[in-house]
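Please read the structure below before turning to the comments.
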There are 2 protein chains.
Amino acid sequence: MFDRINTYIIRHTNLTVEELAYFNSVLQYKTFPKKTILLHEGEVCNFEAFINKGCIRMYYIDENGFEVTLQFAIEDWWVSDIASFHDQKPSAMFIETLEECELLILSPQTKESLLARVPQLERMFRILVQRNLSSLQGRLFKTIATSAQDKYLDFIKRYPTIPQRVPQHYIASYLGISAEFLSKVRTKLSKK
Amino acid sequence: MFDRINTYIIRHTNLTVEELAYFNSVLQYKTFPKKTILLHEGEVCNFEAFINKGCIRMYYIDENGFEVTLQFAIEDWWVSDIASFHDQKPSAMFIETLEECELLILSPQTKESLLARVPQLERMFRILVQRNLSSLQGRLFKTIATSAQDKYLDFIKRYPTIPQRVPQHYIASYLGISAEFLSKVRTKLSKK
DNA sequence: TGTTTTTCTTGTCCTAGTTCAATGCCAGTC
DNA sequence: GACTGGCATTGAACTAGGACAAGAAAAACA
């Protein structure tokens, strides 16, 4: 049950055996069926979850019902609306399972006490957020500066396993293009 | 010289007087003229700087010379390519002063030893990055989901002082629209 | 002060991507 | 094994915004 996350932790920290055991002891293991909404817009996000198995999507919806996928997350990723989680304020996004999921969950309280007891994790979480920030910066750049086709090619290169796991129109909403146009881009590419 | 940053630190932490004094002692104060490039694409970013005075722009340039402004930063902001700074790897972005600037600078080494000596700052920097991440998420959403006009209106609402300080075509490149089109949006708005 | 450089505006034409609507295509599921 | 509801594809008509060019205005500079 903790194999996957422990491998992850060992790669990113040098916790002692005791610390690791303590870490495991505060995690809450939970499974969710496909298409479960874990976080609704307007709710406070009370989890930071490590994906042991499954696939999750984070997205925004505007007044007109227009959807933008912020992130797909699969095994070994952490998911949370970190701002909502941390400041305990209402979230602007949705988080939804796309497959049946096994998650290892931290609540704000357990994370707090975990960080107090194992300060080294403070660093790990900071680095995690930094990586996230940096890749989001790069993505914003690409979103603005490159064509639909290039964004799509870049996407399948960066996340080669995602297209097999999620419906194509979600990928379109990640790239910031319409589902129809993504389809047209794909047929054009396949003709080459 | 340290008034501004100390006010900032006091608001975000509860350092002791000694810790604060130590923090001040490791900061390097430097001034730069307008239009100085502080970080060039391809270089390793060796600073994390608090802006005591001035205005700075972070941006990307693609192969065709197309520019995207990632961020404007003014007094009380920290600027750095955090991924490059932290991992000591080449940056993909430029950082440039738009006005004469007074900066308080941390090098990777001083930041490292600072965090070791004042662990509370680890938390402050993590929160800083989290805020950054969260606002970038919101921005990506708006970039994809809203019209040029709405993006511009949102921008001047969020950053009311920036338009007086930076050329308009940089704002266009922040919004992801052409300078010409921003001009057209503005004349249309002023006619109403 | 005049000169040079940078920034801003305006118009025309153009295109990448959207919207809408129709059709076909599975994968469940009763 | 027929029926359903989500997905994907395709086409036609449309539009937000881009590219280019040329001038006006405003800063910077000496």
Side-chain angles (χ1 to χ4, degrees), chain A residues 33-37 55 57 59 61-69 72 96-100 141-156 162-192, chain B residues 33-37 55 57 59 61-69 72 96-100 141-156 162-192:
Chain A
K34 198 172 167 166
K35 300 223 172 188
T36 309
I37 299 211
C55 182
R57 182 171 82 106
Y59 58 101
I61 300 186
D62 74 9
E63 323 85 60
N64 314 313
F66 185 84
E67 246 179 67
V68 175
T69 296
F72 297 108
E96 181 186 12
T97 61
L98 298 180
E99 302 174 354
E100 188 174 24
F141 174 51
K142 278 176 210 145
T143 298
I144 292 176
T146 69
S147 71
Q149 174 168 320
D150 288 354
K151 277 183 273 193
Y152 177 65
L153 290 173
D154 186 66
F155 181 84
I156 54 180
I162 300 286
Q164 286 111 50
R165 294 176 76 167
V166 315
Q168 187 174 303
H169 68 278
Y170 288 162
I171 296 176
S173 95
Y174 178 98
L175 300 177
I177 62 181
S178 69
E180 294 92 331
F181 194 65
L182 176 55
S183 172
K184 283 164 195 170
V185 165
R186 277 164 44 82
T187 55
K188 197 176 158 195
L189 282 170
S190 69
K191 276 176 194 155
K192 286 187 187 160
Chain B
K34 199 172 168 165
K35 301 223 171 187
T36 309
I37 298 211
C55 181
R57 182 171 82 107
Y59 58 101
I61 300 185
D62 74 9
E63 323 85 60
N64 313 313
F66 184 83
E67 247 180 65
V68 175
T69 296
F72 297 108
E96 182 187 11
T97 61
L98 297 181
E99 303 173 352
E100 187 174 26
F141 173 51
K142 278 175 211 146
T143 298
I144 292 176
T146 70
S147 71
Q149 175 170 319
D150 288 355
K151 278 183 274 193
Y152 176 65
L153 289 172
D154 186 65
F155 181 85
I156 54 179
I162 301 286
Q164 286 112 50
R165 294 176 75 167
V166 315
Q168 186 174 304
H169 68 276
Y170 288 162
I171 296 176
S173 95
Y174 178 97
L175 300 177
I177 63 180
S178 70
E180 295 92 332
F181 195 65
L182 176 55
S183 172
K184 283 165 193 170
V185 165
R186 278 164 43 84
T187 56
K188 198 176 158 194
L189 282 171
S190 68
K191 276 176 192 156
K192 288 187 183 162

In whole angstrom, give the distance that lies between atom [atom1] of [X] and atom [atom2] of [N].
X: A/His169; N: C/dC20; atom1: NE2; atom2: C1'; value: 17 Å
X: B/Tyr152; N: C/dC8; atom1: OH; atom2: P; value: 10 Å
X: B/Leu182; N: C/dC8; atom1: CG; atom2: P; value: 9 Å
X: A/Ile171; N: D/dT9; atom1: CD1; atom2: C1'; value: 16 Å
X: A/Lys35; N: C/dA27; atom1: NZ; atom2: C1'; value: 12 Å
X: B/Lys188; N: C/dG11; atom1: NZ; atom2: C1'; value: 16 Å
X: B/Asp150; N: D/dG17; atom1: CG; atom2: C1'; value: 14 Å
X: B/Ile144; N: C/dT18; atom1: CD1; atom2: P; value: 11 Å

Would one find a side-chain N or O of [X] under 4.0 angstrom from OP1 or OP2 of [N]?
X: A/Gln149; N: C/dA16; answer: no
X: A/Arg186; N: D/dT9; answer: yes
X: B/Ser147; N: D/dG17; answer: no

Name the closest nucleotide to the [X] side chain, picking from [options].
X: B/Lys184; options: D/dG18, D/dT9, C/dT7; value: D/dG18
X: A/Pro167; options: D/dC7, C/dT7, C/dT10; value: D/dC7
X: A/Glu180; options: D/dC7, C/dT18, D/dT10; value: D/dT10
X: A/Phe181; options: D/dG17, D/dT9, C/dA16; value: C/dA16
X: B/Ser183; options: D/dG18, D/dC7, C/dT10; value: C/dT10

Within the structure provided, determine whether [X] and [Y] are in side-chain contact (heavy-atom separation under 4.5 Å).
X: B/Arg57; Y: B/Val166; answer: no
X: A/Lys151; Y: A/Tyr174; answer: no
X: A/Leu98; Y: A/Phe72; answer: yes
X: A/Asp62; Y: B/Thr146; answer: no

Subject >> Base C/dT10 paired with B/Lys191 side chain (donor-acceptor, <3.5 Å) >> reply: no

Original post:
Which part of the nucleic acid, if any, lies within contact of B/Lys34, taking any heavy atom under 4.0 Å across all strands shown: a base, the sugar-phosphate backbone alone, or nothing?
Top reply: sugar-phosphate

**OP:** Kindly say whether B/Thr69 contributes a backbone atom to a donor-acceptor pair with the side chain of B/Ser173 at under 3.5 angstrom?
**Re:** yes

